[in-house]
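The next block holds one structure in the form of structure tokens; read it before the comments.
Values below: every heavy atom of this structure, side chains too, minus hydrogens, waters and symmetry copies.
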Amino acid sequence: MSGPHDFDFLHGEWDVRHRRRTDFLDPGSAWEEFGSTAGCRPLFDGAANIDEIDMPHLGAKGLTLRLFDPETRQWSLNWSSSRSGRLFPPVIGGFAGCEGVEEPGRRDGSGEARRARGEFYGDDVHDGVAVRARFIWSVAPDGSARWEQAFSSDGGRTWLTNWVMDFARPGVTRPVAYPLAQGVAPPRSACPETPQEAVSETP
């Protein structure tokens, strides 16, 4: 079950590598790649945080406000773009423990190991199409992290991954990207996919 320190790994400064579909709903659309910088700071003693990501390639900045609900033990992730100046509908979910990926010295106040993978879901509208949105955060023991966004236009039966961000600390060699499509095993540093019927298409 999630806890109020699940996102402690994200605090601080980052270099970010992006892979992003030019059309979020078209599985045949091209991928573009670009870099950016990001910074995240904690709020509410870690039970909330806010980050800003600067994406010159897109001519925009993004902001995410994350809030931990102590009653539901879930996080809400609230994204905004400088282009719109408004919050998009939140995605809600949490982290699950992953055996074998505990990082020594990185534990929350309850003594639980830092979570390695989080899944978050919500409903949105993209280009006039109602979609189910999914965010996945994956954390490696070396401190690197990955965020993935996928949309489903059929109620969650199938998913199309349309944006991937790889996070590394400034001055640190970026990890080699690994395939995320189901049926392809990620390295031992990442939590394995939870079996599900949905199919995720990735670069």
Side-chain angles (χ1 to χ4, degrees), residues 10 14-38 51-66 75-95 117-140 144-168 174-187 190-203:
L10 194 58
W14 297 91
D15 287 333
V16 187
R17 182 180 63 215
H18 298 250
R19 288 178 294 151
R20 183 177 184 264
R21 286 191 186 275
T22 53
D23 185 330
F24 282 2
L25 299 177
D26 180 4
S29 63
W31 289 88
E32 58 180 350
E33 298 189 16
F34 55 93
S36 72
T37 56
D51 71 26
E52 184 180 40
I53 185 165
D54 186 4
M55 301 171 287
H57 174 77
L58 300 180
K61 295 183 179 182
L63 176 150
T64 303
L65 173 65
R66 301 176 185 86
W75 287 85
S76 64
L77 280 52
N78 307 270
W79 164 262
S80 180
S81 167
S82 61
R83 290 177 172 174
S84 68
R86 61 180 177 83
L87 287 173
F88 286 72
V91 293
I92 296 173
F95 286 75
R117 177 184 168 89
E119 294 190 15
F120 309 86
Y121 295 86
D123 295 312
D124 204 344
V125 176
H126 181 77
D127 287 346
V129 177
V131 297
R132 186 75 172 155
R134 180 183 71 192
F135 291 1
I136 295 178
W137 275 101
S138 302
V139 188
S144 63
R146 170 173 282 190
W147 172 86
E148 306 167 49
Q149 175 181 269
F151 286 169
S152 173
S153 57
D154 57 12
R157 289 188 296 275
T158 61
W159 294 90
L160 180 66
T161 299
N162 51 43
W163 199 340
V164 180
M165 300 185 197
D166 285 309
F167 288 71
R174 299 177 188 274
V176 176
Y178 56 86
L180 298 176
Q182 289 192 1
V184 179
C191 191
E193 295 276 356
T194 300
Q196 54 184 321
E197 294 181 0
V199 175
S200 176
E201 298 187 40
T202 60

In Å, rounded to the nearest 0.5 Å, how long is the span from [atom1] of [X] to [atom2] of [Y]?
| X | Y | atom1 | atom2 | result |
| --- | --- | --- | --- | --- |
| D51 | K61 | CG | NZ | 12.5 Å |
| D26 | D127 | CG | CG | 11.5 Å |
| D154 | W159 | CG | CH2 | 9.0 Å |
| S81 | M55 | OG | CE | 6.0 Å |
| L77 | W147 | CG | CH2 | 10.0 Å |
| L87 | S76 | CG | OG | 10.0 Å |

Verify, without hydrogens or angle tests, whether [X] (side chain) and [Y] (backbone) share a donor-acceptor contact under 3.5 angstrom.
| X | Y | value |
| --- | --- | --- |
| S80 | R86 | yes |
| R134 | E119 | no |
| N78 | L65 | yes |
| R83 | L58 | yes |
| S152 | R132 | no |
| R146 | V164 | no |

A side-chain contact here means heavy atoms from C-beta on lying under 4.5 Å apart; do S36 and D54 qualify?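 No - every pair of side-chain heavy atoms lies 4.5 Å or more apart.
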Shortest non-hydrogen separation from [X] to [Y] and the atoms involved:
| X | Y | answer |
| --- | --- | --- |
| P89 | D123 | CB-O, 3.3 Å |
| G35 | H18 | C-CD2, 4.2 Å |
| W137 | A145 | CZ3-CB, 4.2 Å |
| S84 | F88 | OG-CE1, 3.9 Å |
| S138 | R117 | OG-NH1, 4.2 Å |

Parallel, tilted or perpendicular: rings of F167 and W14 (30°, 60°):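 Ring orientation, 0 to 90° scale: perpendicular.
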In chain order, what residues pass the side-chain contact (heavy atoms from CB on, under 4.5 Å) check against L25, with sequence neighbours excluded?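 Per chain and number, L25 pairs via side-chain contact (heavy atoms from CB on, under 4.5 Å) with D23, H126, V129, V131, F151.
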Taking NZ, NE, NH1 and NH2 as the nitrogens, is one of them in R20 or E32 under 4.0 Å from a carboxylate oxygen of the other? yes
For N162, the option from E148, R21, Q149, R19 that meets side-chain hydrogen bond (donor to acceptor under 3.5 Å, both in side chains):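 In the set E148, R21, Q149, R19, the residue that makes a side-chain hydrogen bond (donor to acceptor under 3.5 Å, both in side chains) with N162 is Q149.
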